[in-house]
Amino acid sequence: MKSLTNLQLDRSVIDWPVYMGRALQLAQNVLTATPNPRVGCVLVEAGKIVGEGWHKAAGQDHAEVMALLAAGDRAAGATAFVSLEPCAHQGRTGPCCDALAAAGVARVVIASVDPNPAVAGQGVSKLEAAGIEVYQLIDMDPAARKINPGYFKRRETGLPFVRLKLAMSLDGRTALANGQSQWITGDAARADVQRLRASSSAVLTGVMTVLADNPALTVRADQLAQSSAVNEHDEFAAQRQPLRVILDSQLRTPGTARIITEPGAVTIYVLSAELETDQLPDNVEVKQVMAGERGVDLQSVLESLARDFECNELLVEAGATLSGEFIRLGLVDELVVYIAPRLIGSDGKALLEMTGLTELAQSESFAIKELLQVGSDLRLVLEPANDNQERLHG
Ligand SMILES: NC(=O)c1ccc[n+]([C@@H]2O[C@H](COP(=O)([O-])OP(=O)(O)OC[C@H]3O[C@@H](n4cnc5c(N)ncnc54)[C@H](OP(=O)(O)O)[C@@H]3O)[C@@H](O)[C@H]2O)c1
(Lines give C-alpha, C1' and ligand atoms only; values in the text may rest on other atoms or scores of the structure.)
Protein backbone atom coordinates (compact mmCIF):
# COMPACT_ATOMS: atom_id res chain seq x y z
CA MET A 1 0.00 0.00 0.00
CA LYS A 2 1.25 3.48 -0.86
CA SER A 3 0.56 6.26 1.62
CA LEU A 4 -0.07 9.65 0.07
CA THR A 5 -0.16 13.03 1.77
CA ASN A 6 -2.08 15.88 0.13
CA LEU A 7 1.26 17.38 -0.95
CA GLN A 8 2.08 14.23 -2.93
CA LEU A 9 -1.06 14.40 -5.05
CA ASP A 10 -0.12 15.26 -8.63
CA ARG A 11 -2.55 16.36 -11.36
CA SER A 12 -3.63 12.81 -12.17
CA VAL A 13 -4.99 12.21 -8.65
CA ILE A 14 -5.83 15.75 -7.51
CA ASP A 15 -9.56 14.85 -7.23
CA TRP A 16 -9.01 11.96 -4.86
CA PRO A 17 -9.67 13.92 -1.64
CA VAL A 18 -12.95 15.14 -3.13
CA TYR A 19 -14.13 11.58 -3.80
CA MET A 20 -12.93 10.49 -0.38
CA GLY A 21 -14.79 13.44 1.14
CA ARG A 22 -17.92 12.10 -0.53
CA ALA A 23 -17.24 8.61 0.91
CA LEU A 24 -16.91 10.14 4.41
CA GLN A 25 -20.18 12.00 3.86
CA LEU A 26 -21.95 8.78 2.81
CA ALA A 27 -20.59 6.98 5.89
CA GLN A 28 -22.51 9.53 7.97
CA ASN A 29 -25.82 8.76 6.29
CA VAL A 30 -26.53 6.60 9.35
CA LEU A 31 -26.50 7.54 13.02
CA THR A 32 -25.01 4.14 13.80
CA ALA A 33 -24.23 0.73 12.31
CA THR A 34 -23.26 -0.69 15.70
CA PRO A 35 -21.39 -2.89 16.40
CA ASN A 36 -19.94 -2.17 12.95
CA PRO A 37 -18.32 1.10 11.91
CA ARG A 38 -20.01 3.72 9.71
CA VAL A 39 -18.45 3.30 6.25
CA GLY A 40 -18.96 5.00 2.88
CA CYS A 41 -17.74 4.04 -0.61
CA VAL A 42 -17.60 5.81 -3.97
CA LEU A 43 -16.69 4.09 -7.25
CA VAL A 44 -15.18 6.35 -9.90
CA GLU A 45 -14.55 5.40 -13.51
CA ALA A 46 -13.21 7.82 -16.17
CA GLY A 47 -13.77 10.82 -13.90
CA LYS A 48 -17.41 9.94 -13.15
CA ILE A 49 -19.03 8.50 -10.02
CA VAL A 50 -20.56 5.19 -11.16
CA GLY A 51 -21.66 3.83 -7.78
CA GLU A 52 -22.12 4.94 -4.18
CA GLY A 53 -22.77 2.97 -1.03
CA TRP A 54 -22.83 3.13 2.73
CA HIS A 55 -23.25 0.57 5.47
CA LYS A 56 -26.84 0.92 6.67
CA ALA A 57 -26.82 -1.41 9.66
CA ALA A 58 -25.20 -4.57 11.00
CA GLY A 59 -26.27 -7.53 8.85
CA GLN A 60 -26.92 -5.27 5.83
CA ASP A 61 -24.62 -4.99 2.79
CA HIS A 62 -21.28 -3.32 3.42
CA ALA A 63 -20.67 0.06 1.72
CA GLU A 64 -18.46 -1.50 -0.98
CA VAL A 65 -21.09 -4.10 -1.92
CA MET A 66 -23.83 -1.47 -2.15
CA ALA A 67 -21.62 0.69 -4.41
CA LEU A 68 -20.70 -2.32 -6.59
CA LEU A 69 -24.36 -3.24 -7.01
CA ALA A 70 -25.13 0.35 -8.05
CA ALA A 71 -22.24 0.43 -10.54
CA GLY A 72 -22.85 -2.98 -12.15
CA ASP A 73 -20.51 -3.51 -15.14
CA ARG A 74 -19.13 0.02 -14.77
CA ALA A 75 -17.15 -1.15 -11.71
CA ALA A 76 -14.61 -2.89 -14.00
CA GLY A 77 -11.46 -0.77 -14.06
CA ALA A 78 -12.89 1.72 -11.55
CA THR A 79 -11.22 3.28 -8.51
CA ALA A 80 -12.97 2.58 -5.19
CA PHE A 81 -12.75 5.26 -2.48
CA VAL A 82 -13.59 3.67 0.86
CA SER A 83 -13.52 5.50 4.20
CA LEU A 84 -12.18 2.35 5.95
CA GLU A 85 -9.99 -0.55 4.80
CA PRO A 86 -12.25 -3.18 3.14
CA CYS A 87 -12.83 -6.30 5.25
CA ALA A 88 -10.98 -9.53 4.46
CA HIS A 89 -12.97 -11.86 6.69
CA GLN A 90 -16.28 -13.63 6.50
CA GLY A 91 -18.58 -11.86 8.96
CA ARG A 92 -22.35 -11.63 8.70
CA THR A 93 -21.66 -10.73 5.03
CA GLY A 94 -18.88 -11.93 2.66
CA PRO A 95 -15.42 -10.29 2.50
CA CYS A 96 -15.53 -6.97 0.61
CA CYS A 97 -12.02 -7.55 -0.77
CA ASP A 98 -13.31 -10.54 -2.73
CA ALA A 99 -16.29 -8.57 -4.04
CA LEU A 100 -14.06 -5.69 -5.21
CA ALA A 101 -11.65 -8.10 -6.91
CA ALA A 102 -14.48 -10.07 -8.57
CA ALA A 103 -15.93 -6.84 -9.97
CA GLY A 104 -12.57 -5.99 -11.58
CA VAL A 105 -11.90 -2.80 -9.60
CA ALA A 106 -8.43 -1.52 -10.57
CA ARG A 107 -7.57 0.59 -7.54
CA VAL A 108 -8.72 0.99 -3.94
CA VAL A 109 -8.11 4.21 -2.00
CA ILE A 110 -8.74 4.19 1.76
CA ALA A 111 -8.70 6.84 4.48
CA SER A 112 -8.05 4.59 7.51
CA VAL A 113 -6.66 1.14 8.17
CA ASP A 114 -9.21 -0.98 10.08
CA PRO A 115 -8.12 -1.47 13.72
CA ASN A 116 -10.13 -4.72 13.91
CA PRO A 117 -7.54 -7.53 14.39
CA ALA A 118 -9.56 -9.66 11.92
CA VAL A 119 -8.94 -7.04 9.22
CA ALA A 120 -5.97 -4.77 10.16
CA GLY A 121 -3.78 -4.76 7.08
CA GLN A 122 -5.18 -8.08 5.84
CA GLY A 123 -7.73 -6.32 3.67
CA VAL A 124 -4.93 -4.38 1.99
CA SER A 125 -2.79 -7.52 1.55
CA LYS A 126 -5.68 -9.46 0.06
CA LEU A 127 -6.47 -6.69 -2.41
CA GLU A 128 -2.81 -6.41 -3.44
CA ALA A 129 -2.58 -10.18 -3.84
CA ALA A 130 -5.50 -9.89 -6.27
CA GLY A 131 -3.50 -7.36 -8.33
CA ILE A 132 -5.37 -4.27 -7.09
CA GLU A 133 -3.34 -1.13 -6.31
CA VAL A 134 -4.04 0.19 -2.79
CA TYR A 135 -3.44 3.74 -1.55
CA GLN A 136 -4.09 5.48 1.75
CA LEU A 137 -4.85 9.21 1.85
CA ILE A 138 -3.28 9.72 5.24
CA ASP A 139 -4.27 13.37 5.62
CA MET A 140 -7.89 12.16 5.61
CA ASP A 141 -7.31 9.55 8.30
CA PRO A 142 -8.16 11.88 11.26
CA ALA A 143 -11.48 12.95 9.68
CA ALA A 144 -12.36 9.31 8.96
CA ARG A 145 -11.55 8.25 12.53
CA LYS A 146 -13.78 11.03 13.91
CA ILE A 147 -16.76 9.44 12.18
CA ASN A 148 -16.28 6.30 14.30
CA PRO A 149 -14.80 7.41 17.64
CA GLY A 150 -16.26 4.40 19.46
CA TYR A 151 -15.30 1.74 16.92
CA PHE A 152 -11.67 2.89 16.90
CA LYS A 153 -11.52 3.30 20.68
CA ARG A 154 -13.02 -0.14 21.34
CA ARG A 155 -10.72 -1.90 18.90
CA GLU A 156 -7.62 -0.04 20.11
CA THR A 157 -8.22 0.11 23.88
CA GLY A 158 -10.99 -2.38 24.76
CA LEU A 159 -13.21 0.45 26.01
CA PRO A 160 -16.20 2.26 24.47
CA PHE A 161 -16.22 5.98 23.65
CA VAL A 162 -18.07 7.58 26.60
CA ARG A 163 -20.38 10.52 25.93
CA LEU A 164 -21.89 12.12 29.03
CA LYS A 165 -25.09 14.09 28.54
CA LEU A 166 -26.10 16.76 31.06
CA ALA A 167 -28.98 19.25 31.11
CA MET A 168 -28.89 22.32 33.31
CA SER A 169 -30.19 25.81 33.90
CA LEU A 170 -28.17 28.93 33.17
CA ASP A 171 -27.02 28.86 36.78
CA GLY A 172 -25.81 25.25 36.54
CA ARG A 173 -28.72 23.59 38.36
CA THR A 174 -30.62 20.49 37.28
CA ALA A 175 -33.72 20.66 39.49
CA LEU A 176 -35.54 22.76 42.07
CA ALA A 177 -34.70 22.21 45.72
CA ASN A 178 -37.92 20.10 45.95
CA GLY A 179 -36.56 17.81 43.23
CA GLN A 180 -38.85 18.98 40.41
CA SER A 181 -36.80 18.82 37.19
CA GLN A 182 -38.87 17.60 34.22
CA TRP A 183 -38.39 19.36 31.86
CA ILE A 184 -35.66 21.96 32.17
CA THR A 185 -34.90 22.03 28.44
CA GLY A 186 -37.32 22.44 25.52
CA ASP A 187 -38.68 20.07 22.84
CA ALA A 188 -35.83 20.62 20.38
CA ALA A 189 -33.18 19.71 22.97
CA ARG A 190 -35.12 16.59 23.91
CA ALA A 191 -35.38 15.59 20.24
CA ASP A 192 -31.63 16.10 20.02
CA VAL A 193 -31.15 13.69 22.93
CA GLN A 194 -33.10 11.16 20.86
CA ARG A 195 -30.45 11.60 18.16
CA LEU A 196 -27.73 10.92 20.74
CA ARG A 197 -29.51 7.75 21.88
CA ALA A 198 -30.05 6.56 18.31
CA SER A 199 -26.32 7.10 17.64
CA SER A 200 -25.27 5.03 20.66
CA SER A 201 -24.66 1.33 21.11
CA ALA A 202 -25.84 1.64 24.73
CA VAL A 203 -27.41 4.16 27.13
CA LEU A 204 -26.35 3.94 30.78
CA THR A 205 -27.92 5.31 33.96
CA GLY A 206 -27.85 4.89 37.75
CA VAL A 207 -30.50 3.15 39.79
CA MET A 208 -31.43 6.40 41.56
CA THR A 209 -32.54 7.95 38.27
CA VAL A 210 -34.57 4.81 37.52
CA LEU A 211 -36.28 5.01 40.93
CA ALA A 212 -36.80 8.80 40.86
CA ASP A 213 -37.85 9.42 37.24
CA ASN A 214 -38.76 6.00 35.82
CA PRO A 215 -37.28 6.92 32.39
CA ALA A 216 -37.54 4.55 29.39
CA LEU A 217 -34.26 5.74 27.80
CA THR A 218 -35.49 4.39 24.46
CA VAL A 219 -35.40 5.85 20.96
CA ARG A 220 -38.90 7.11 20.09
CA ALA A 221 -39.60 7.40 16.37
CA ASP A 222 -41.89 10.44 16.65
CA GLN A 223 -39.43 12.46 18.75
CA LEU A 224 -36.42 11.33 16.72
CA ALA A 225 -38.14 12.54 13.56
CA GLN A 226 -38.14 16.07 15.03
CA SER A 227 -34.35 15.97 15.15
CA SER A 228 -33.23 17.51 11.86
CA ALA A 229 -29.98 15.53 12.09
CA VAL A 230 -31.62 12.27 10.95
CA ASN A 231 -30.81 11.56 7.31
CA GLU A 232 -33.58 10.47 4.94
CA HIS A 233 -31.45 7.42 4.05
CA ASP A 234 -31.23 6.24 7.67
CA GLU A 235 -34.11 3.79 7.45
CA PHE A 236 -33.13 1.79 10.54
CA ALA A 237 -32.53 4.76 12.90
CA ALA A 238 -35.82 4.46 14.76
CA GLN A 239 -36.09 0.67 14.55
CA ARG A 240 -33.12 -0.23 16.69
CA GLN A 241 -33.05 0.26 20.46
CA PRO A 242 -29.71 0.85 22.18
CA LEU A 243 -28.85 -1.56 24.97
CA ARG A 244 -30.03 0.03 28.23
CA VAL A 245 -27.61 -0.31 31.12
CA ILE A 246 -28.33 0.27 34.81
CA LEU A 247 -25.70 0.45 37.55
CA ASP A 248 -27.50 -0.97 40.56
CA SER A 249 -25.29 -2.57 43.25
CA GLN A 250 -28.15 -4.12 45.24
CA LEU A 251 -30.56 -4.79 42.33
CA ARG A 252 -33.23 -2.36 43.47
CA THR A 253 -34.63 -1.83 39.93
CA PRO A 254 -38.24 -3.09 39.94
CA GLY A 255 -39.34 -5.44 37.13
CA THR A 256 -42.08 -2.90 36.34
CA ALA A 257 -39.65 -0.05 35.58
CA ARG A 258 -40.19 1.44 32.10
CA ILE A 259 -36.51 1.02 31.25
CA ILE A 260 -37.20 -2.74 31.46
CA THR A 261 -40.75 -3.03 30.14
CA GLU A 262 -40.13 -0.97 26.98
CA PRO A 263 -38.76 -2.91 23.95
CA GLY A 264 -35.04 -3.75 23.83
CA ALA A 265 -32.35 -5.48 25.84
CA VAL A 266 -31.29 -4.35 29.32
CA THR A 267 -28.18 -5.15 31.34
CA ILE A 268 -27.97 -4.45 35.06
CA TYR A 269 -24.53 -4.40 36.71
CA VAL A 270 -24.68 -5.51 40.35
CA LEU A 271 -22.18 -6.29 43.10
CA SER A 272 -23.37 -9.69 44.30
CA ALA A 273 -24.23 -12.97 42.59
CA GLU A 274 -26.71 -13.78 45.38
CA LEU A 275 -29.40 -11.24 44.41
CA GLU A 276 -32.95 -12.33 43.60
CA THR A 277 -33.56 -11.98 39.83
CA ASP A 278 -36.89 -13.84 39.50
CA GLN A 279 -38.92 -10.63 39.18
CA LEU A 280 -37.06 -9.60 36.04
CA PRO A 281 -38.27 -10.46 32.50
CA ASP A 282 -36.17 -12.27 29.86
CA ASN A 283 -34.86 -9.13 28.16
CA VAL A 284 -32.84 -8.34 31.29
CA GLU A 285 -29.36 -9.71 31.91
CA VAL A 286 -27.85 -9.26 35.36
CA LYS A 287 -24.05 -9.12 35.46
CA GLN A 288 -21.84 -9.09 38.51
CA VAL A 289 -18.78 -6.83 38.55
CA MET A 290 -16.26 -5.90 41.20
CA ALA A 291 -16.83 -3.04 43.62
CA GLY A 292 -15.46 0.42 42.97
CA GLU A 293 -14.83 3.21 45.44
CA ARG A 294 -18.54 3.93 45.16
CA GLY A 295 -20.96 1.28 43.86
CA VAL A 296 -19.80 -0.86 40.96
CA ASP A 297 -16.36 -0.38 39.41
CA LEU A 298 -16.92 1.86 36.37
CA GLN A 299 -13.77 0.74 34.55
CA SER A 300 -14.93 -2.92 34.78
CA VAL A 301 -18.38 -1.94 33.51
CA LEU A 302 -16.85 -0.20 30.49
CA GLU A 303 -14.57 -3.17 29.77
CA SER A 304 -17.56 -5.52 29.95
CA LEU A 305 -19.66 -3.31 27.65
CA ALA A 306 -16.89 -3.33 25.02
CA ARG A 307 -16.02 -7.02 25.40
CA ASP A 308 -19.43 -8.63 26.01
CA PHE A 309 -21.69 -6.27 24.03
CA GLU A 310 -19.36 -4.83 21.34
CA CYS A 311 -20.36 -1.38 22.61
CA ASN A 312 -18.75 1.34 20.47
CA GLU A 313 -20.41 4.51 21.74
CA LEU A 314 -21.89 4.73 25.23
CA LEU A 315 -24.27 7.53 26.24
CA VAL A 316 -24.40 8.21 29.99
CA GLU A 317 -27.70 9.80 31.08
CA ALA A 318 -27.47 9.68 34.85
CA GLY A 319 -27.91 11.90 37.88
CA ALA A 320 -25.34 14.05 39.66
CA THR A 321 -23.84 11.10 41.59
CA LEU A 322 -22.93 8.77 38.74
CA SER A 323 -22.16 11.58 36.27
CA GLY A 324 -19.79 13.06 38.86
CA GLU A 325 -18.03 9.69 39.28
CA PHE A 326 -17.50 9.29 35.53
CA ILE A 327 -15.88 12.72 35.43
CA ARG A 328 -13.87 12.29 38.63
CA LEU A 329 -12.37 9.04 37.29
CA GLY A 330 -11.46 10.61 33.94
CA LEU A 331 -13.67 8.19 31.98
CA VAL A 332 -15.53 10.72 29.85
CA ASP A 333 -14.46 11.32 26.24
CA GLU A 334 -17.10 13.87 25.39
CA LEU A 335 -19.54 16.02 27.35
CA VAL A 336 -22.80 17.17 25.77
CA VAL A 337 -24.37 19.88 27.93
CA TYR A 338 -27.79 21.37 27.19
CA ILE A 339 -28.19 24.78 28.80
CA ALA A 340 -31.70 26.14 29.33
CA PRO A 341 -31.87 29.93 29.57
CA ARG A 342 -33.60 29.99 32.92
CA LEU A 343 -32.47 30.58 36.49
CA ILE A 344 -33.29 28.12 39.23
CA GLY A 345 -31.49 29.60 42.21
CA SER A 346 -28.71 28.53 44.50
CA ASP A 347 -30.92 26.10 46.44
CA GLY A 348 -31.43 24.08 43.21
CA LYS A 349 -29.71 20.68 42.70
CA ALA A 350 -26.10 20.82 41.56
CA LEU A 351 -25.09 19.48 38.13
CA LEU A 352 -22.51 17.07 39.48
CA GLU A 353 -21.66 15.63 42.83
CA MET A 354 -18.01 16.63 43.10
CA THR A 355 -16.58 18.26 46.19
CA GLY A 356 -13.37 18.79 48.10
CA LEU A 357 -11.18 20.81 45.75
CA THR A 358 -8.90 23.31 47.47
CA GLU A 359 -6.96 24.64 44.46
CA LEU A 360 -8.30 25.80 41.11
CA ALA A 361 -5.46 23.83 39.54
CA GLN A 362 -7.20 20.62 40.73
CA SER A 363 -10.35 21.35 38.74
CA GLU A 364 -11.29 19.43 35.61
CA SER A 365 -11.07 21.55 32.51
CA PHE A 366 -12.55 21.04 29.07
CA ALA A 367 -12.04 22.29 25.55
CA ILE A 368 -15.09 23.47 23.63
CA LYS A 369 -15.68 21.49 20.42
CA GLU A 370 -19.02 22.97 19.44
CA LEU A 371 -21.59 25.53 20.57
CA LEU A 372 -25.02 25.56 18.96
CA GLN A 373 -28.49 26.88 19.68
CA VAL A 374 -31.00 24.03 19.69
CA GLY A 375 -34.54 25.44 19.81
CA SER A 376 -34.61 27.75 22.81
CA ASP A 377 -31.61 26.08 24.49
CA LEU A 378 -27.88 25.90 23.92
CA ARG A 379 -25.88 22.73 23.22
CA LEU A 380 -22.27 22.72 24.25
CA VAL A 381 -20.02 19.82 23.20
CA LEU A 382 -16.73 19.55 25.09
CA GLU A 383 -13.79 17.20 25.44
CA PRO A 384 -11.42 16.84 28.39
CA ALA A 385 -8.49 19.22 28.20
CA ASN A 386 -5.06 17.58 28.02
CA ASP A 387 -4.00 18.79 31.46
CA ASN A 388 -6.72 16.60 33.07
CA GLN A 389 -5.07 13.52 31.63
CA GLU A 390 -1.67 14.61 32.93
CA ARG A 391 -3.11 15.18 36.40
CA LEU A 392 -4.85 11.78 36.44
CA HIS A 393 -2.16 9.63 34.90
CA GLY A 394 1.12 11.40 35.32
N1 LIG B 1 -30.58 16.85 34.35
C2 LIG B 1 -30.28 15.69 33.83
O3 LIG B 1 -29.74 15.61 32.72
C4 LIG B 1 -30.59 14.42 34.60
C5 LIG B 1 -30.36 13.18 34.00
C6 LIG B 1 -30.62 12.03 34.73
C7 LIG B 1 -31.09 12.14 36.03
N8 LIG B 1 -31.32 13.35 36.57
C9 LIG B 1 -31.83 13.47 37.96
O10 LIG B 1 -30.91 12.89 38.82
C11 LIG B 1 -31.60 12.41 39.98
C12 LIG B 1 -30.93 11.12 40.43
O13 LIG B 1 -29.57 11.41 40.61
P14 LIG B 1 -28.68 10.62 41.61
O15 LIG B 1 -27.37 11.30 41.62
O16 LIG B 1 -29.43 10.42 42.88
O17 LIG B 1 -28.61 9.18 40.93
P18 LIG B 1 -27.78 8.52 39.72
O19 LIG B 1 -26.50 9.20 39.53
O20 LIG B 1 -28.65 8.36 38.55
O21 LIG B 1 -27.57 7.07 40.33
C22 LIG B 1 -26.72 6.95 41.42
C23 LIG B 1 -26.74 5.54 41.90
O24 LIG B 1 -26.07 4.68 40.99
C25 LIG B 1 -25.55 3.59 41.69
N26 LIG B 1 -24.17 3.38 41.35
C27 LIG B 1 -23.62 2.16 41.09
N28 LIG B 1 -22.33 2.27 40.87
C29 LIG B 1 -22.01 3.57 41.01
C30 LIG B 1 -20.79 4.28 40.93
N31 LIG B 1 -19.63 3.68 40.61
N32 LIG B 1 -20.80 5.61 41.15
C33 LIG B 1 -21.95 6.25 41.43
N34 LIG B 1 -23.14 5.62 41.56
C35 LIG B 1 -23.18 4.28 41.32
C36 LIG B 1 -25.64 3.95 43.18
O37 LIG B 1 -26.67 3.18 43.77
P38 LIG B 1 -26.29 1.77 44.43
O39 LIG B 1 -25.27 2.10 45.49
O40 LIG B 1 -27.56 1.25 44.92
O41 LIG B 1 -25.69 0.97 43.34
C42 LIG B 1 -25.99 5.41 43.20
O43 LIG B 1 -26.78 5.80 44.28
C44 LIG B 1 -33.01 12.20 39.58
O45 LIG B 1 -33.81 13.03 40.39
C46 LIG B 1 -33.07 12.67 38.14
O47 LIG B 1 -34.20 13.48 37.92
C48 LIG B 1 -31.08 14.49 35.89
I need the minimum non-hydrogen distance between Ala130 and Ala101, along with the two atoms involved. CB-CB, 3.9 Å
For the residue pair Val39 and Val82, establish whether any side-chain heavy-atom pair is separated by less than 4.5 Å. yes
For Val203, which of Val193, Ile246, Leu217 qualifies under side chain to side chain contact (heavy atoms under 4.5 Å, CB included)? Leu217
Residues in salt bridge (charged side-chain N to carboxylate O under 4.0 Å, His left out) contact with Asp333, at least two apart in sequence or another chain: Lys153
Leu24 and Ser83: which non-hydrogen atoms are nearest, and at how many Å? CD2-CB, 3.4 Å
Could you pull out all donor-acceptor pairs under 3.5 Å where a side-chain atom in residues 337-350 meets a protein atom, sequence neighbours excluded?
| residue | atom | partner | partner atom | Å |
| --- | --- | --- | --- | --- |
| Tyr338 | OH | Asp192 | OD2 | 2.6 |
| Arg342 | NE | Ile184 | O | 3.4 |

Strictly distance-based, threshold 3.5 Å: is any side-chain N or O of Glu383 a donor or acceptor partner for the main-chain N or O of Ala367? no
Short side-chain to backbone donor-acceptor contact, Asp377 and Thr185, under 3.5 Å: no
My understanding is that only residues two or more places apart in sequence, or in another chain, count here; which of them pass salt bridge (charged side-chain N to carboxylate O under 4.0 Å, His left out) with Arg173? none
Counterpart residues, side-chain hydrogen bond (donor to acceptor under 3.5 Å, both in side chains), relative to Gln250 (two or more places apart): none
Should the pair Arg74-Glu45 be classified as a salt bridge under the 4.0 Å nitrogen-to-oxygen rule? no
Sorted by chain and residue number, the salt bridge (charged side-chain N to carboxylate O under 4.0 Å, His left out) partners of Arg155 (sequence neighbours excluded) come out as none
Thr5 OG1 to Leu9 CG distance, which is reported to the nearest 0.5 Å: 6.5 Å
So which heavy atom on Val42 is nearest to which on Ala23, and how close? CG2-N, 3.7 Å
Heavy-atom donor-acceptor pair, Arg258 side chain to Pro215 backbone, under 3.5 Å: no
How would you list all residue pairs meeting ring pair (Phe, Tyr, Trp, His ring centres under 6.0 Å) that involve residues 230-286, not counting sequence neighbours? Trp54-His233
Check whether any side-chain N or O of Arg38 sits under 3.5 Å from a backbone N or O of Leu31 as a donor-acceptor pair, and report yes or no. yes
Under the salt bridge (Lys or Arg N to Asp or Glu O under 4.0 Å) definition, can you give me all pairs with a residue in residues 4-27, not counting sequence neighbours? Arg22-Glu52
Closest heavy-atom contact between Gly319 and Ser323? O-OG, 2.8 Å
Within this structure, what is the CZ-CG distance for the pair Phe152 and Asp141, rounded to the nearest 0.5 Å? 6.5 Å
Just so I know, are the side chains of Met208 and Leu322 near enough to count as touching, which here means a heavy-atom distance under 4.5 Å? no
Measure across Ser200 and Leu196 and return the closest heavy-atom pair with its distance rounded to 0.1 Å. OG-O, 2.6 Å
4.5 Å side-chain heavy-atom contact, Leu335 and Phe326: no
Do you know which two heavy atoms are closest between Leu68 and Val105, and how far apart they sit? CD2-CG2, 4.0 Å
Report yes if the side chains of Leu251 and Leu280 come closer than 4.5 Å at any heavy-atom pair, otherwise no. yes
Asp308 and Ser304: side chain donor to acceptor below 3.5 Å: yes
When you measure from the side chain of Gln194 to the backbone of Arg220, do you find a donor-acceptor pair of N or O atoms at a distance under 3.5 Å? yes
Mind checking what makes side-chain hydrogen bond (donor to acceptor under 3.5 Å, both in side chains) contact with Arg163, not counting sequence neighbours? Glu313, Glu334
Is there a donor in the side chain of His55 and an acceptor in the side chain of Asp61, or the other way round, less than 3.5 Å apart? no
Look at Glu293 together with Arg328 and state whether they make a salt bridge at an N to O cut-off of under 4.0 Å. yes
If we count only N and O atoms by modelled type, under 3.5 Å, do the side chains of Ser199 and Arg197 hold a donor and an acceptor together? no
With sequence neighbours left out, the residues meeting salt bridge (charged side-chain N to carboxylate O under 4.0 Å, His left out) with Arg244 are none
For Asp171, give me all partners under side-chain hydrogen bond (donor to acceptor under 3.5 Å, both in side chains), at least two apart in sequence or on another chain. Ser169
Is the backbone of Ile260 close enough, under 3.5 Å, to the side chain of Asn283 for a donor and an acceptor to pair up by distance? yes
Any heavy-atom pair between the side chains of Asp139 and Leu4 that's under 4.5 Å? no
Checking Asp98 now: which residues fulfil side-chain hydrogen bond (donor to acceptor under 3.5 Å, both in side chains) with it, not counting sequence neighbours? Lys126
Here the ring pair (Phe, Tyr, Trp, His ring centres under 6.0 Å) pairs for residues 6-48, sequence neighbours left out, are Trp16-Phe81, Trp16-Tyr135, Tyr19-Phe81
Under the 3.5 angstrom rule, does the side chain of Glu310 hit a backbone N or O of Pro35 as a donor-acceptor pair? no
